[in-house]
Amino acid sequence: MHTQVGIIGAGPAGLLLARMLHLQGISCVVLESRSRPYVESRIRAGLLEQGSVDLLTETGMADRLYKEAMVHEGIELVFDGQRHRIDITALTGRKVYIYGQQEVVKDMIVANLAAGVPILFEAQASEISGLEGERATIRYTHEGKEEVLTCDYIAGCDGFHGICRDAIPPQLMRGHDRIYPFGWLGILADAPPTKDELLYCRHDNGFALFTMRSPTVSRCYIQVPPDENAENWSDDQIWSELETRLGKHEGLTLSTGKITQKSVTAMRSYVAEPMRHGRLFLAGDSAHIVPPTGAKGMNLAISDIYVLSKALVAFYKKNDASLFETYGPTCLRRIWRAQHFSWWMTSMLHNLPDASPFDAKRQVAELYTIATSKAGQTLLAENYVGLPFEM
Ligand code: APR
Ligand code: PHB
């Protein structure tokens with residue numbers, strides 16, 4: 001089998017690229033190691049920047065999103081017994097959308113399959129080669145058979161644990177890594193959201209986040225040790241800890257209900273440089289991951305693909321390969337800004353295990369600096385709502 005662009009991975013990155021290439025008449029094949037039900041039910045983050053929603057709209061994949069997403073104009077920072085609202089829309093003119101990543105993935109799969117774009121599920125790529133030669137090759141297994149896909153270019157959209165990043169020669173690759181000494185215990189619960197906006201809480205016991213998936217489903221997170229087993233937490237303990245970390249506030253009561261899912265996520269920042277080697281382009285989690293505090297993971301995957309699709313379209317439509325050279329550097333400027341924002345939000349709101357009383361006081365002072373200054377709020381809001389795709 002031959003195609004112009006071989007895409008490995010059917011997450012937001014791979015599926016958006018497939019759609020954008022198809023709309024420009026460029027052929028591609030998507031290889032995904034998991035089954036369709038698996039990728040459509042994998043629970044991930046759920047916040048889209050305005051720019052991400054605009055791109056989903058332009059590519060005809062936002063119809064259901066407009067019906068079901070919850071549109072938010074602000075967030076609250078909760079610390080030192082107080083609540084401070086950041087009016088994102090007043091400060092930036094833009095909004096954010098709450099819509100689960102698996103819903104985005106479902107919509108992208110439907111749009112691609114309806115247009116006849118081949119997505120092969122349970123097709124595991126095992127090796128890529130020819131990156132420096134005339135054509136690239138992907139070896140994969142599908143329905144028990146070893147297969148080969150040849151292509152002009154490979155999009156490595158295979159997530160953090162994929163095979164593509166390791167295909168870049170180690171002497172050319174630099175990985176920038178930071179592992180945080182804590183994780184998040186995340187729950188889904190049949191409970192209306194505690195508040196109609198997200199609550200980011202700093203407490204001496206650790207961070208807590210109150211978010212949502214629908215008017216009847218809450219998504220909440222609490223900071224826990226990195227190797228915590230979710231099963232160590234009973235439902236009552238989770239609600240009690242969420243209540244403690246939220247604190248007592250007039251007119252705000254914790255909304256509780258049946259917990260339907262719980263799991264622990266590790267927190268890590270990682271950036272791979274370069275993002276391109278010969279005929280291979282890395283995009284999304286295969287090239288970088290962020291701690292979830294800033295809600296940037298899915299949005300960065302989307303902005304990478306915006307830049308990559310432009311480069312591929314310039315090549316196939318105008319025979320202009322110059323954007324291949326600038327793909328990585330263009331993405332990396334935004335990725336590092338999002339890395340900084342995610343690290344900043346994380347360090348401002350979490351308890352470091354070895355924090356001294358000085359650190360705790362300084363952290364609260366930093367939150368006051370941001371929450372009580374229009375300049376501080378604007379800095380947070382501009383980054384939260386999403387920086388331009390190209391900078
Ligand atoms: N062959 C085929 N598919 C593979 C292989 C392989 N060898 N290795 C991994 N995959 C698939 C995974 O099963 C997954 O579906 O690649 C896909 C990668 O998708 P994501 O992990 O969703 O990554 P990406 O599209 O970059 O989206 C980033 O996902 O993890 C979140 O927080 C992150 O929101 C961000 C988003
Ligand atoms: C989520 O809804 O899962 C979510 C929202 C905002 C974050 C992190 C996660 O900062």
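Just so you know, ligand 1 is whichever comes first in the structure, and atom 1 is the first atom listed for that ligand. The first residue in the sequence is number 1, and the count goes up from there.
- Heavy-atom proximity to Cys157, at under 4.0 Å, picks out these atoms of ligand 1: 16 (O), 17 (C), 18 (C).
- The closest approach between Ala45 and ligand 1 stays at or above 4.0 Å for every heavy atom of the residue.
- Here the shortest heavy-atom pairing between Arg85 and Glu76 reads CA-CG, 4.0 Å.
- With a 4.0 Å cut-off on non-hydrogen atoms, Leu31 touches ligand 1 through its backbone and not its side chain.
- Taking only nitrogen or oxygen atoms, main chain and side chain alike, Tyr384 does not reach within less than 3.5 Å of ligand 2.
- Checked by distance only, ligand 2 and Trp184 stay at 3.5 Å or farther apart across all their nitrogen or oxygen atoms.
- Nearest protein heavy-atom contact of atom 4 (C) of ligand 2 is Thr211 CG2, 3.9 Å.
- Counted by atom type alone, Ser303 and Arg334 present one or more donor-acceptor pairs between their side chains at under 3.5 Å.
- For the pair Arg213 and ligand 2, a heavy-atom separation below 4.0 Å is found.
- Residue Ile8 touches ligand 1 through its side chain alone, judged by heavy-atom distances below 4.0 Å.
- Of the heavy atoms in Ala123, only backbone atoms (N, CA, C, O) come closer than 4.0 Å to ligand 1.
- Scanning the protein for heavy atoms near atom 5 (C) of ligand 2, the closest one is Leu198 CD2, 3.7 Å.
- At least one heavy atom of Arg42 sits under 4.0 Å from some atom of ligand 1.
- When each atom of ligand 2 is checked for a heavy atom of Pro292 under 4.0 Å away, the hits are 7 (C), 8 (C), 10 (O).
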